[in-house]
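Read through the structure below, which is laid out as structure tokens, and then see the notes.
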Amino acid sequence: MKYKNIQLKDVADIVMGQSPKSVFYNTDGKGIPFLQGVRTFGENYPQIDTWTTSYNRKAKSGEILFSVRAPVGRVNWANQDLAVGRGLATLKIKSGYSKEYLYYLFKKIGSHLNSLATGTVFTSINKKELEALELKIPVNLSDQEKIASYLQKIDQEIELNNQINDNLIAISKAKWLDLLSSTSTTEVVMNKIAKITMGQSPKSSTYNTNNEGLPLLNGATDFRENINPQRWTSDPKRVVYPNSYIFGVRATIGLTTKVYQKYAIGRGTGAATPINIIYDEFLYFYLEDLFKFYSQTGSGSVYINISKKEFENYKIDVPKISFIEQFHSEINPLFNQIKNNKLQNITLLQIKKDMLNKYFQ
């Protein structure tokens, strides 16, 4: 396969984002979806939680969103028309090139740009620097499309697993609400059913991208849809163990997922470990209620810090132990299906990384 070196400006038109005034922002779905940066980026598509009634720059559905402020180099697809702020640029791929190939190319080299951003080179990147980025791509369009198709199949399988898990969670929640409505409850504090651990970030000098040490979950962007750490650390400060729940405690409060292996957790992540396995599924839904509470009572800013003490003393309504045992026996098989799908996704993501290393130089 023959490759050629080319600059980004030769394969894409670049539109830098520009933020409207914050008075135009809302969370009620009024206007057009708005992204300021990577805060709600997923593996391939962003989640929308902010809209704006006025905007200056727009990304069209199917275009590539590229982060131009730390973390520099992350990409997502625009899966609908949306407004973009100053933390993002839009890449409009020119004819004769595969936009899917270029998307996956940035999935590979974007982490390199991000590692530079942690030092002194790219804490942000401007249009001129972006245009001058050197890319190595196959000469033939057919080769670009062939490589991209392999990766798309992996992403489609991951997305299918995510959709199945969403349905299983919805079924579980319906059963949980039905059970709560049929029994009396007693108010207890969170630390009676779970051990709470708040993350602490290791020194940046201990970070690596070579799978050395423990994978680091520094915030919700590392586990928004799938557990997908971007860095590892040789000197973890706080650790979370299998069968615990992790959640974002700074940006995007409310994202909760279960871990099935040992991880290091940074200051943007907290963890709750059930003190008894029968509380497992209950804990998941109680955490959901807790975050809903904080979302409703928070200041409305993007970053809301929650302390360990607040978590431990959060009051929850717990049914009789016999009902908890019943719920666990009914729901645990569904959560085991979720576990299997998540573990499969972890394997698929590793295969994807291996392919990115093989085909993208």
Side-chain angles (χ1 to χ4, degrees), residues 8 12 14-27 29 31-61 63-92 103 106-107 109-119 121-130 133 201 204 216-225 228-231 248-255 266-269 295 298-305:
L8 181 57
I14 301 167
V15 176
M16 305 297 286
Q18 186 176 342
S19 301
K21 293 181 179 180
S22 60
V23 293
F24 297 115
Y25 301 170
N26 71 89
T27 58
I32 187 172
F34 173 64
L35 293 175
Q36 182 73 274
V38 301
R39 181 176 63 85
T40 60
F41 267 24
E43 174 64 17
N44 289 303
Y45 304 104
Q47 294 182 1
I48 303 299
D49 62 6
T50 304
W51 288 258
T52 180
T53 54
S54 176
Y55 63 92
N56 303 301
R57 297 287 189 273
K58 181 180 178 181
K60 293 183 178 179
S61 180
E63 294 177 342
I64 298 173
L65 303 170
F66 185 101
S67 65
V68 296
R69 296 191 170 207
V72 172
R74 290 195 181 181
V75 290
N76 260 201
W77 290 109
N79 55 350
Q80 58 186 304
D81 290 356
L82 48 84
V84 290
R86 61 182 179 174
L88 299 174
T90 300
L91 306 184
K92 305 172 185 289
Y103 174 80
F106 276 113
K107 278 287 185 182
I109 69 172
S111 60
H112 175 61
L113 295 175
N114 184 37
S115 67
L116 292 176
T118 63
V121 181
F122 284 129
T123 54
S124 64
I125 188 169
N126 61 36
K127 185 174 182 178
K128 185 177 180 180
E129 291 168 330
L130 199 53
L133 285 179
S201 298
S204 59
L216 173 65
L217 304 177
N218 226 3
T221 55
D222 291 332
F223 54 87
R224 179 172 303 282
E225 296 169 319
N228 189 19
Q230 303 300 310
R231 291 174 291 189
V249 296
R250 300 192 73 197
T252 321
I253 288 177
L255 288 173
R267 63 177 181 169
T269 303
S295 296
S299 63
S301 61
V302 173
Y303 293 97
I304 307 173
N305 295 312

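For reference, positions follow the sequence shown, starting with 1. Heavy atoms only: backbone and side chains are in, while hydrogens, waters and symmetry mates are out.
Note that the OG1 atom of T50 and the CG atom of N26 stand 8.0 Å from one another [nearest 0.5 Å]. Annotation: the span from Y55 atom OH to I32 atom CD1 amounts to 4.5 Å, rounded to 0.5 Å. Atom-to-atom distance recorded for Y45:OH and L65:CG is 11.5 Å, nearest 0.5 angstrom.
Taking both residues in full, the closest heavy atoms of T52 and A83 are given as CG2-CB, 4.0 Å, listed atom of the first, atom of the second, then distance. Between P33 and W51, the closest heavy-atom pair is N-CD1, 3.4 Å. Listed here is the closest heavy atom pair of A89 and L130: CB-CD2, 4.0 Å.
K92 NZ: more than 12 foreign heavy atoms inside a 6.0 Å radius.
Considering only heavy atoms from C-beta on, N218 stays 4.5 Å or farther from T269 through its side chain. Side-chain contact between V84 and L82 is present, with at least one heavy-atom pair separated by less than 4.5 Å. Here the side chains of W77 and I64 are in contact, with some heavy-atom distance below 4.5 Å. Here the side chains of N76 and V38 are not in contact, with every heavy-atom distance at 4.5 Å or above. The closest side-chain heavy-atom distance from M16 to R57 is not below 4.5 Å. Counting only heavy atoms from C-beta outward, the side chains of Q47 and R39 never approach each other to under 4.5 Å. Side-chain contact between L88 and S67 is present, with at least one heavy-atom pair separated by less than 4.5 Å. The shortest side-chain heavy-atom distance between N228 and F223 does not fall under the 4.5 Å cut-off.
Y25 pairs by the ring pair (Phe, Tyr, Trp, His ring centres under 6.0 Å) definition with F34, not counting sequence neighbours. With sequence neighbours excluded, no residue satisfies side chain to side chain donor-acceptor pair (under 3.5 Å) with Q80. Residues that satisfy the side chain to side chain donor-acceptor pair (under 3.5 Å) test with S19, not counting sequence neighbours, are Q36. Applying the side chain to side chain donor-acceptor pair (under 3.5 Å) test to D222 and every residue at least two apart in sequence or in another chain returns nothing. Among residues two or more places apart in sequence or in another chain, the side chain to side chain donor-acceptor pair (under 3.5 Å) test is passed with N44 by Y103, D155.
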L91/V15 under side-chain contact (heavy atoms from CB on, under 4.5 Å): CA gap, chis, key distance, verdict: CA-CA 7 Å; L91 306 184; V15 176; over 6 Å; no
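Counting only residues at least two apart or on different chains, no salt bridge (Lys or Arg N to Asp or Glu O under 4.0 Å) pair has a member in residues 14-26.
Side-chain N or O atoms of K107 include one that pairs as donor or acceptor with a backbone N or O of E43 at under 3.5 Å.
Of the residues listed (L8, V68, T90), the one engaging I14 in a side chain to side chain contact (heavy atoms under 4.5 Å, CB included) is L8, and it is the only one.
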